[in-house]
Amino acid sequence: MYCLQGRYISVLHMGSASTNRLHYLDAARGIAAMMVLMGHYLSWKFEHHTGIKFLSVLINENDAVSFFFVLSGFVLAYPFLAMDKKMDIGKFYVNRVFRLYPGFLVAFLVNFVYSMRHEMNGSSWSNVFLHSYKNFWQELFLIRGYSEHFLPGWTLGIEMAASFLIPFLILAVRYNKRLANWLIPAIFLANLVIGSLMVHFALGIWVAANFDYISGPAFKTSFIYKYRIPLVLVSAVLFSLRKIDKISHFGPFFKTFSDYTRIDFFIYSGIASFLFLIWCIHFRGVQRILESRILLFYGKISYGIYLVHWVVVRYIYDHWDYLNQLLGGSEQKTFILLFLALIAVSTVGATLIYHWVEMPFMRWGKKIAGRMKATVEI
């Protein structure tokens, strides 16, 4: 263990002396990405099957994105709130765009070409570029949540928009860390007007602001630690509340309450994700599990998994009848074999995107940011 300004950082958690990267959280992101992959595959054709409904309670692809957002809030704030690094806002924006956009661009274009394969010819492509046929430009630039062709795009739009707001939230918390306690209810009230998902990023920022406390021995006196066992069970229910509702509807009161308060399923899964993140940071036993090689590998390529899997799932179900006949006509056998193929193809594709798109563009972004003049420093 190293002591750095009163903070104890495990060597196992350090990617390098310069980054102090928490690799076990990459692995947690990888698990969430695989949940999205499995959930989309299970629910596309078979979501009405009783067994799939119950399985989806455990593999909740819809609300795995809540964990992405909470984790993003933490990861973006951690260097500046827990490690006291300086932030240059302009350089932060450049690095963030180069981190998120290139991978999305590749996956979106491949998916768009695949979607339009039956109706596009030379003149049609001019309509795409000149007249934004099928909202091409809106979806390409992540405008107003368009995701007509590439479903994961709506979350990337939120990530990008939140990334431009987060420096100002970090600035507030750097001024006074107790402001993190006020940001969450303030953004939650704003949820009544502008939507709920910024709450997730604020929860992640709160965890970053309190990282020393959560990772240290004093946390054992907290309410969350004292009641950790019942809270684990509550969190599991909150995280999968959407899927439980599909099995047994909660009734009109729940819907009315949600309509008036704007407390939707994402709020519940965001709270659960917030608690999951705290437990990942505090409990070394959880970290040891997450630091297994296979989970760390999928954590490294998790963004590519999230992007690539959608195109593969679409192809499988667009050609389901043909593939089922090709594999012998047994739907159960086809389901298993294609699921394994989905994992294999997505893994290969994500690995290629990681090495050929993500890493080169991240390095390019850092190089551009390094040559920029200082903008506004926090």
Where does the angle between the aromatic ring planes of [X] and [Y] fall among parallel (under 30°), tilted (30 to 60°) and perpendicular (over 60°)?
X	Y	result
F361	W364	tilted
F265	F250	tilted
Y41	Y317	tilted
F104	F108	parallel

Side chains of [X] and [Y]: donor-acceptor distance under 3.5 Å anywhere?
X	Y	result
N60	D63	yes
S115	R314	yes
S66	Y268	no
S72	E159	yes
T375	D88	yes
T347	Y298	yes

Starting from [Y], can I reach [X] by hopping between I/L/V/M/F/W/Y residues whose side chains sit under 4.5 Å apart?
X	Y	result
I184	F67	yes
F223	V234	yes
Y101	Y354	yes
I305	Y315	no
I229	L231	no

Would you say that more than 12 heavy atoms from the other residues, nucleotides or ligands in this model lie under 6.0 Å from the [atom1] of [X], or not?
X	atom1	value
K366	NZ	no
I294	CD1	yes
E377	CD	yes
Y213	OH	yes
F254	CZ	yes
W44	CH2	yes

Would you indicate whether the side-chain heavy atoms of [Y] and [X] approach each other to under 4.5 Å?
X	Y	value
V97	F92	no
V348	L352	yes
D26	S302	no
K220	K226	no
S215	H282	no

Identify the residue among V308, L337, I316 that makes a side chain to side chain contact (heavy atoms under 4.5 Å, CB included) with L342.
I316
Given I281, which of F219, F276, F211 fulfils the side chain to side chain contact (heavy atoms under 4.5 Å, CB included) condition?
F211
Think R242 forms a cation-pi with F266, using NZ or CZ under 6.0 Å from the six-ring centre and within 45 degrees of its axis?
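Positive - R242 is close enough to the ring of F266 and near enough to its axis.
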Does NZ or CZ of R96 come closer than 6.0 Å to the centre of the six-membered ring of Y93, within 45° of the ring's axis?
no
So, R284 and E291, do they make that salt bridge, N to O below 4.0 Å?
yes
Charged N-O contact under 4.0 Å between E61 and K243
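Between K243 and E61 there is a salt bridge, with a charged N closer than 4.0 Å to a carboxylate O.
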[atom1]-[atom2] distance between [X] and [Y], expressed to the nearest 0.5 angstrom:
X	Y	atom1	atom2	result
F74	L277	CZ	CG	6.0 Å
L197	I158	CG	CD1	4.5 Å
L296	L290	CG	CG	8.0 Å
L275	C280	CG	SG	11.0 Å
L76	S163	CG	OG	5.5 Å

Shortest non-hydrogen pair, V36 vs A64, comes out as CG2-CB, 3.7 Å
Show your reasoning for whether side-chain contact (heavy atoms from CB on, under 4.5 Å) applies to T155 and F69.
CA-CA 9 Å; T155 65; F69 294 150; 3.9 Å; yes
Aromatic contact, F283 with Y225 (centres under 6.0 Å)
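Yes, the ring of F283 comes within the 6.0 Å limit of the ring of Y225, centre to centre.
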